[in-house]
Amino acid sequence: MTFSAEDSLALVAILVSVALLLVAADRTRVPYPILLVVGGLGLGFVPGIPEVELPPDLVLIAVLPPLLYGAAFFTSLRDLRENAFAITLLAFGLVLTTMVVVAVVAHALVPGLGWSTAFVLGAVISPTDPTAATAIAERLGLPRRLVALIEGESLVNDGTALVAYKFAVIAVVSGTFSFADAAGSFVVNVIGGIAIGLAVGFVVRQVRLRIRGPALAITLSLMSGYLAYLSANAAGVSGVLAAVTIGIYMGWYTPELTTWQTRLQGVAVWEVTFFLLNALLFALIGLQLPVILDALSGYSASQLLGYAAAVALAVVAARFLWVVPGTYLTAWARRKTRPIPNPGQASIVLGWSGMRGAVSLAAALALPLTTDAGEAFPSRELVIFLTFAVILVSLVVQGLSFPALIQLLGIEDEGRTEKEENKARIYATEAALARLDELADEDWVRDDTLERVRAMFNFRRQRFRSRFDPESDGQLESRSLDYQRLIREVLVAERGAVFDLRRQRRIDDVVMRRVIRDLDLEEARLDG
């Protein structure tokens with residue numbers, strides 16, 4: 001394969017566009033999936049952009065495992081347990097409801113769209129993507145329990161939707177479908193996928209126990225989703241659920257298996273990985289849009305826009321039809337444990353937070369090109385187009401209006417996370433003071449050093465305790481912030497001195513990076 005000058009320039013344009021979108025997301029504080037979907041749309045209409053076609057299975061296997069593993073890894077297991085009832089309603093009942101409603105609407109409106117393909121479309125756009133919703137929710141101080149529901153739903157419904165997607169695609173490709181066989185296979189896929197995810201997770205955990213180097217540990221972390229996904233696929237069960245399961249498993253154990261260097265670097269690596277995978281998917285859809293639209297030349301623009309609007313409305317309507325009674329049912333079930341104060345407001349927020357994203361896009365791009373009979377997969381381009389349209393509508397319309405909705409409802413964070421964080425800091429500080437007392441008689445512990453460190457931790461404990469004191473005058477917090485400001489000013493001076501030494505060629509880049517990294521870590525310890 002040769003790469004022409006035009007292709008090279010087009011690739012440069014794509015890379016520059018992705019970089020500009022990242023800068024725009026940082027400057028505007030708009031969640032990057034919203035900008036990526038708009039950028040992907042615009043990319044499809046840039047003159048000279050090459051047409052790209054990848055094997056469908058490659059898209060699914062290359063992109064989904066790390067996305068699923070990473071999302072599961074950073075999900076709170078406690079939140080999943082506490083919200084198990086509500087998440088189950090959303091991840092199973094809502095997924096199937098959305099799939100059926102979308103299939104009925106699409107089959108009724110689109111001439112020639114068969115039931116099996118309509119159900120494929122419903123399965124593709126039934127899973128939600130929490131990236132944009134949670135980014136907005138956390139920035140605006142949405143209660144943690146609602147954020148946990150949005151994240152937990154997306155995590156579990158990925159597995160449910162993609163297992164349903166698998167059977168819907170098989171029905172189209174093979175031309176046959178048996179509900180009894182599908183139900184039995186569904187149970188086997190779920191149990192088998194979870195079992196293999198746990199088994200692979202146990203093996204990976206044992207290996208991670210024996211690894212200390214950050215590079216090797218992070219590489220194994222990036223590979224873990226693939227290991228579980230491919231193992232499950234080889235066994236004929238759900239690779240999606242295997243990737244999600246190992247992500248949850250390793251998310252629980254990894255913090256105790258790794259060094260501080262690995263933890264710091266690992267979070268940064270995963271943030272970059274998420275962005276690049278999302279950017280790759282939206283770039284791929286942009287590159288394929290001209291081909292898709294050419295294949296849909298039999299439909300008028302007004303027809304395509306009408307179909308897209310109808311399917312998008314069906315997705316939103318199905319969600320509200322399920323979420324509103326489900327929220328009240330959950331509120332009733334939790335009335336004696338952790339009651340939901342305003343189920344009406346909560347149902348509106350949850351209903352409007354059902355944005356679609358990378359998982360749906362990957363599933364659509366992964367549709368087979370042909371059936372077992374050698375014929376073209378029916379209405380494949382239409383399914384991809386409608387999927388992208390629903391993602392575009394959900395991210396742009398719902399995503400951009402989500403902040404206004406939260407502010408209009410007047411929902412505020414109950415402060416649970418902040419209280420728990422302060423308790424954890426107090427508990428950790430008291431453990432440090434207890435350890436100092438144990439070390440006081442050691443030969444290598446100097447009296448002046450001991451008193452200086454003890455005073456620092458005593459001040460820290462008093463400061464965090466004052467946050468629970470309603471009569472506190474805020475002096476301890478103010479003193480701490482003034483101290484942190486002073487330290488930051490000093491660190492800026494230190495960095496400037498090190499950069500000067502490098503510019504004067506008195507130290508090399510290796511030394512510069514080591515010293516700057518230590519200064520950065522020192523600043524990272526400041527929490528004000």
Side-chain angles (χ1 to χ4, degrees), residues 74 76-79 82 134 137-148 251-252 254-268 337-338 341 411-497 515-528:
F74 291 104
S76 167
L77 182 58
R78 189 188 71 172
D79 286 340
E82 288 185 353
T134 54
E138 290 176 348
R139 189 175 77 227
L140 296 178
L142 199 67
R144 177 60 204 168
R145 67 178 66 184
L146 290 180
V147 177
W252 177 261
T254 293
E256 300 176 10
L257 302 176
T258 52
T259 61
W260 60 269
Q261 295 102 323
T262 302
R263 289 190 290 273
L264 284 174
Q265 294 177 32
V267 171
T337 53
R338 290 188 62 214
I411 300 177
E412 297 180 352
D413 189 2
E414 71 274 24
R416 175 188 175 192
T417 301
E418 183 180 352
K419 291 176 182 177
E420 290 185 356
E421 179 184 340
N422 287 330
K423 289 179 181 178
R425 291 184 183 277
I426 292 170
Y427 191 80
T429 303
E430 289 176 344
L433 288 168
R435 183 58 177 158
L436 285 175
D437 291 338
E438 294 173 0
L439 296 173
D441 296 330
E442 296 290 335
D443 294 337
W444 52 271
V445 177
R446 301 177 183 276
D447 291 340
D448 58 339
T449 303
L450 178 67
E451 290 310 310
R452 186 167 63 250
V453 174
R454 182 177 282 147
M456 179 183 69
F457 278 99
N458 272 321
F459 176 81
R460 185 176 298 176
R461 178 172 60 180
Q462 293 171 9
R463 175 192 168 205
F464 293 133
R465 282 181 172 175
S466 71
R467 294 179 177 179
F468 291 99
D469 183 5
E471 298 181 359
S472 173
D473 59 4
Q475 284 298 313
L476 291 175
E477 196 70 30
S478 178
R479 286 175 57 190
S480 176
L481 293 175
D482 290 343
Y483 167 80
Q484 292 178 55
R485 179 180 178 183
L486 177 63
I487 293 299
R488 285 195 175 91
E489 293 290 342
V490 172
L491 290 174
V492 169
E494 288 188 90
R495 288 193 192 94
V515 177
I516 292 298
R517 181 172 179 274
D518 288 343
L519 296 176
D520 290 343
L521 288 171
E522 191 170 342
E523 183 166 2
R525 286 179 54 83
L526 303 177
D527 61 3

Novice: Tell me, please, which residues at least two apart from Arg452 pass side-chain contact (heavy atoms from CB on, under 4.5 Å).
Specialist: Thr449
Novice: What I'd like to find out is whether the side chain of Glu523 reaches to under 4.5 Å of the side chain of Glu494, using heavy atoms alone.
Specialist: no
Novice: Using side-chain contact (heavy atoms from CB on, under 4.5 Å) as the criterion, list what pairs up with Thr258, not counting sequence neighbours.
Specialist: Arg208, Thr254, Thr262, Arg263
Novice: I'd like to know whether CZ of Phe468 has more than 12 heavy-atom contacts from other residues, nucleotides or ligands below 6.0 angstrom.
Specialist: yes
Novice: Counting only heavy atoms not in Tyr483, do more than 12 fall under 6.0 Å of its OH?
Specialist: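 Result for OH/Tyr483: open.
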Novice: With rounding to the nearest 0.5 Å, note down the distance linking CG in Leu264 to OG1 in Thr259.
Specialist: 8.5 Å
Novice: Relative to Phe457, does Arg460 satisfy both conditions: NZ or CZ under 6.0 angstrom from the six-membered ring centre, and within 45 degrees of the ring's axis?
Specialist: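 Yes.
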Novice: Taking all atoms of both residues into account, what is the closest heavy-atom pair of Leu476 and Gln462, and its distance?
Specialist: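 Nearest pair, atom of Leu476 first, then Gln462: CD1-O, 3.6 Å.
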Novice: Ignoring hydrogens and geometry beyond distance, is a side-chain donor-acceptor pair present between Arg463 and Ser480 at under 3.5 Å?
Specialist: yes
Novice: Check residues 431-443 and write down every donor-acceptor pair under 3.5 Å in which the side-chain atom is one partner and the other belongs to a residue at least two apart or another chain.
Specialist:
{"residue": "Arg435", "atom": "NH1", "partner": "Glu438", "partner atom": "OE1", "Å": "2.8"}
{"residue": "Asp437", "atom": "OD1", "partner": "Arg454", "partner atom": "NH2", "Å": "2.8"}

Novice: Contact between Arg461 and Asn458 at the side-chain level, heavy atoms closer than 4.5 Å - yes or no?
Specialist: yes
Novice: Does atom CG of Asp518 have more than 12 heavy-atom neighbours from other groups under 6.0 Å away?
Specialist: yes
Novice: How long is the span from the CG atom in Leu521 to the CD1 atom in Ile516, to the nearest 0.5 Å?
Specialist: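 If we round to the nearest 0.5 Å, Leu521:CG and Ile516:CD1 are 11.5 Å apart.
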Novice: What's the separation between atom CD in Gln475 and atom OG in Ser466, rounded to the nearest 0.5 Å?
Specialist: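 One finds 10.5 Å between CD of Gln475 and OG of Ser466.
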Novice: Can you measure from CG (Leu486) to CZ (Arg488) and round to the nearest 0.5 angstrom?
Specialist: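 Separation between the atoms: 11.0 Å.
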Novice: Between Gly251 and Pro255, which heavy-atom pair has the shortest distance, and what is it?
Specialist: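 Result for this residue pair: O-CD, 3.4 Å.
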Novice: Would you mind reporting whether Arg485 and Leu481 have side-chain heavy atoms less than 4.5 Å apart?
Specialist: no
